[in-house]
Structures are given as C-alpha cells and as structure tokens.
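Since the structure comes first, as structure tokens, the remarks are kept for the end.
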Amino acid sequence: MNVQAFINNISFPKTIEELKYFVIYIGNYNVEDVLYNDEVEWTIPKWAMRNDIVFFFHAKTALQTIRKLEILIAKNRETENATILLDGLQHARKLYTLYGGKIFAIGKVLGSPYHIEHERNEELHWKGKIYAEIGEIVVLKNPIDISEFSDFIMVSRQSAITPVLGDDFYRLKEIIKSKNIIPNYLSNSKANPMPFNKINSQNWLIVTKKYRRAFFQEIQFRKFYVDYFLKIISDKKTIFSECACYKDNKLSGYVDNCIWLNNRWVFVEVKINFDAERNLKEQLKKYTYVLKVILSKGRCCYENIEQEKIIIIDVNAIGIFNARTDNIFYVEDLDYIKTEADLNRIKYKIIRLLEN
C-alpha cells in the first residue's frame, strides 16, 4: 500500500504553568498518552490521510527543558505545589531516559484530518488545530535513537512534523525492523517519491494518478496537477494565478486561479484537504460578489465575473462553492478522472452547475 509517513515530535512543557497543567490537572504527559493507549486523537499535518504512518518521537530537547524547570522551582520554593511539580519532573526524567531523542512508537492514521475549533489554552505551547484518530499504536521494544537516522533525516526544530519521504522512509523502516517486530501496516507499506521531473502535459494524468496524495504542499499540487487540469477545462489556454479581488474598492484577497469558462471569468481555489481547512467557506466568500479582479500586471477586469460560485479542488475531489446557498457541492472524486474524455465530461458538468 502506498502511504505517506511523518515523524511527530512530542515536546515537553515549556513553562511552570504548562507543567502544572499536565502534572496536576491531566495526570500524565503527552508521551504517556501514546505509550498507554491503542488509539489517540492527535495533531497531524493537513496533507495526511487514512492509512498514513506516524513515527512518534520524544523530543531530544526535553531534557534541557526539564533541567530549566527544576532550577526555576528550586530557586523559588514558594512556587505553588512545588513538591508535586518536582516529583513530576523526576518522572519526566525517567521517561526521557527511556525514550528521549528516540522514535518510540508507531501508529496508523485511521481517517482524514479535521479542523477543531476550540478555545485556545494559553498554558499550552502547541498551536495545532488539525487532528485525526491515530490507531493500532505499537510501542517499540527497542526505541530508535536519532543518531541512527540523523544522517538522512533532519528532524524539524520549527515544526512538530517532519515528512519522511521516498528512500528515507525505506531506510528508516529497515532500521526499525532490524531491532523490533513491526506491525503489518508498516511492513507492507510503500512510500514512493513523486517523480516531479517526469511529469509533463502529456502524462500528468497518468503519473499523478499514482502519486497525487504524495503532494503535501499546495504549490506542488498546483504546479503538477491543477495547472494542467485548468488548461484543459478552460476555454482559453492561459490561466491566471494569485489574482487580486476587490470589493467596494478594497482588496478582499488573492484567489489562487482565474480561468475563462462559459463566457465568464471563474475563480478557482486550491487546497490540500478541504476538511482540514479552517473556516473554508469564509475564505471562499472573499472571492464572491467582487467588483474587480486583477488578472495580471496591467490587465484588470470589471465585467463577466462569476459572482456566486467558485471551483474548489483538493487532492481528493473537485467541488463548487455556492455563496448564495452557502453550500459546497462535490462534483467528482479525482480518482474517477482517468482520461481526457473524463476531463471533458467534468468540464461540462462544471458548466451546468455554474449555470444553475
């Protein structure tokens, strides 16, 4: 099975207030959620999908944070619940001894990611709002230290997520397999690299059929799939990108693409995953009922602009947003677009939907 994979770097509480949150109110650390549960709800990248592989990693920098907090509390013994917090830090040290700087567990994404709107807890250092259920978690009997894979995978310090792509995935899998019994979903998985240099206007539909879900950046998806798609369904071969939209003479936003279709300018917005987008409809409304659009430098348009409907596309499907009804209608799953005849069929289906 072709999958995507990523390392999820589980960090440690950064402040005394955050430490209190885990030690006193929650009763355990994030690492323990993974250690003692077969399934968890966890932050993931919005490009992840069902059956993708998660490598859980306990941050190597956690020990520095533990030491810092121990010193702060020791200097101020009047800190509320100081004894309990110091005991909690001792427990954290034991966890670090076992798992710090190591991949210690593996899991499988059970469903598509979704966006959770919840009140921001200022005590917590992470800001992720995209989650999915991670299941079939296997804790490794012999965790894999970062020194064993740091020569070919650089674990991100800026993000909790590090993609593990192509050959890097196979190398990491073999290292884990050499020291542990691994689950079948990892053993049978494949993560082939996207052959960007081989994609062209003649073969894009065939090549991306196999690799489409490997796009984890919108710019990749736009360049190697959406641009080709739009050039075929558009009535003019020129497509415009990053078009400035104006309402009441004020800039409302930059829509990803604009194409000429059925005697009007139609906007197209590109995403990796609709379901993981925050306030998707509100984003799309910025490009409805516009008075002016700048297609390119020196080319401005005031007429024949589709006002109510926007084409939307992600790595899974094509849809149309209708501002009048505030609904998104899913036109077609991209898996069913296999030939040029399918592209023509979709074009006229979109036209009918724009007219209704």
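Only this structure's heavy atoms are used, side chains among them; waters, hydrogens and symmetry mates stay out.
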Check the orientation of F22 and Y29. Use parallel for under 30°, tilted for 30 to 60°, and perpendicular for over 60°.
tilted

Among the clusters formed by ILVMFWY side chains lying less than 4.5 Å apart, do F267 and Y254 turn up in the same one?
no

Judged by atom type as modelled, is there a donor-acceptor pair below 3.5 Å linking the side chain of S11 to the main-chain atoms of A59?
no

Relative to the ring of F104, is the ring of Y99 parallel (under 30°), tilted (30 to 60°) or perpendicular (over 60°)?
tilted

Closest contact, heavy atoms only, E41 versus Y114
OE2-OH, 2.8 Å

Assess whether side chain to side chain contact (heavy atoms under 4.5 Å, CB included) is satisfied between Y21 and I26, documenting all intermediate values.
CA-CA 6 Å; Y21 175 81; I26 301 299; 3.7 Å; yes

Return yes if some donor-acceptor pair links the side-chain N/O of S252 with the main-chain N/O of C245 below 3.5 Å, else return no.
yes

Return the minimal non-hydrogen interatomic distance between W47 and Q4, and the atom names on each side.
O-NE2, 3.3 Å

From the list V54, I130, I10, side chain to side chain contact (heavy atoms under 4.5 Å, CB included) partner of W42 resolves to I10

Does K349 come within less than 4.0 Å of D342, counting only side-chain N to carboxylate O?
no

Here the pair of heavy atoms bringing E136 nearest to Y185 is O-OH, 2.8 Å

Using the salt bridge (Lys or Arg N to Asp or Glu O under 4.0 Å) rule, pick out the option among E306, E303, E308 that qualifies with R264.
E306

Residue pair I146, F149: steps toward the side chain to side chain contact (heavy atoms under 4.5 Å, CB included) verdict:
CA-CA 6 Å; I146 190 172; F149 57 86; 4.0 Å; yes

Check against side chain to side chain contact (heavy atoms under 4.5 Å, CB included), L63 and R67:
CA-CA 6 Å; L63 186 59; R67 289 170 175 163; 3.4 Å; yes

Considering non-hydrogen atoms only, spot the tightest contact between I305 and C301 and give its length.
CD1-O, 3.7 Å

If you compare all heavy atoms of L69 against all heavy atoms of K14, which two are closest, and at what distance to 0.1 Å?
CD2-O, 4.0 Å

What one should report as the nearest heavy-atom pair of N262 and E355 is ND2-OE2, 2.9 Å

Applying side chain to side chain contact (heavy atoms under 4.5 Å, CB included) to V109 and I134, what does each step give before you reach the verdict?
CA-CA 5 Å; V109 179; I134 310 297; 3.8 Å; yes

Short N-O contact, K20 and E17, less than 4.0 angstrom:
yes

Between F55 and F169, what is the ring plane arrangement, given parallel below 30°, perpendicular above 60°, and tilted in between?
tilted

Would D33 and N28 count as a side-chain hydrogen bond (donor to acceptor under 3.5 Å, both in side chains) here? Give the steps.
CA-CA 8 Å; D33 288 332; N28 62 266; 2.9 Å; yes

In plain terms, say whether D151 and R171 are close enough for a salt bridge, that is, a side-chain N and a carboxylate O under 4.0 Å apart.
yes

Taking a hydrophobic cluster as the set of Ile, Leu, Val, Met, Phe, Trp and Tyr residues connected by side-chain heavy atoms closer than 4.5 Å, whether directly or through intermediates, do W265 and Y246 fall within one such cluster?
no

Only residue of E269, K285, Q283 satisfying side chain to side chain contact (heavy atoms under 4.5 Å, CB included) with F321 is K285

Is it possible for you to say whether I44 and L110 belong to one hydrophobic cluster, with membership spreading through side-chain heavy-atom contacts below 4.5 Å?
no

With R222, the salt bridge (Lys or Arg N to Asp or Glu O under 4.0 Å) member among D227, D256, D314
D256

